[in-house]
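Below you'll find the structure, written out as structure tokens, and then a few comments.
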Amino acid sequence: MPPSSNLSSASKHSRMATSVYTINKGINRPIEFKGLKAQYIAYLAVGLVALLLLFTALFLAGVPLPVCLPLILLAGGGLFAGTYHLNRTYGQYGLLKRLARRRLPACVRLTSRNVFLSLTQPAASHDRAC
């Protein structure tokens, strides 16, 4: 055994295999991992699982590996770029707010007064303090 190796192989291995990933930055802050926040972590995870299933299906269908691999790598790069773009553009809740805003109607049209006439009248005993 050379004299320069004072550490046992087990301690070298455990020291080299140690990785630290910061997942949460603090209380009342969104979960953040490698720059992705909140729901974008889940979007990326679901996309990666879909790419894995697509690769498996293509490979089992007999598509040659030199065709499969670049296709999956390009799709994976697009998935990462798209997810990080959405994260930067909309932030933690911005995409959800945008999707909710798109579901709101631009205007409400009523062709009859019956909707308003059928509403119950509030009690007359309300005191209005202005």
Quiz item: Measuring from Tyr40:OH to Arg88:CZ, what's the distance to the nearest 0.5 Å?
Solution: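 Rounded to the nearest 0.5 Å, the OH-CZ separation comes out at 11.5 Å.
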Quiz item: How long is the span from the CG atom in Leu52 to the CG atom in Leu48, to the nearest 0.5 Å?
Solution: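 Going from CG on Leu52 over to CG on Leu48, the span is 9.0 Å.
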Exercise. Determine the interplanar angle of the Phe55 and Phe59 rings, folded into 0 to 90°, and report it as parallel if under 30°, tilted if 30 to 60°, perpendicular if over 60°.
Key: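 Ring orientation, 0 to 90° scale: parallel.
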List the atom pairs, donor and acceptor, that lie under 3.5 Å between side-chain atoms in residues 67-84 and the rest of the protein, sequence neighbours left out.
{"residue": "Thr83", "atom": "OG1", "partner": "Leu79", "partner atom": "O", "Å": "2.7"}
{"residue": "Tyr84", "atom": "OH", "partner": "Lys34", "partner atom": "O", "Å": "2.8"}

Quiz prompt | Cluster link Val63 to Leu65, ILVMFWY, side chain under 4.5 Å | solution =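 Both belong to a single hydrophobic cluster.
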Self-check item: For Leu99, the option from Arg101, Arg102, Arg103 that meets side-chain contact (heavy atoms from CB on, under 4.5 Å)
Solution: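 Among Arg101, Arg102, Arg103, the one meeting side-chain contact (heavy atoms from CB on, under 4.5 Å) with Leu99 is Arg102.
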Quiz prompt | side-chain hydrogen bond (donor to acceptor under 3.5 Å, both in side chains) partners of residues 104-113, not counting sequence neighbours, each pair once | solution =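 Sorted result for residues 104-113: Ser112-Asn114.
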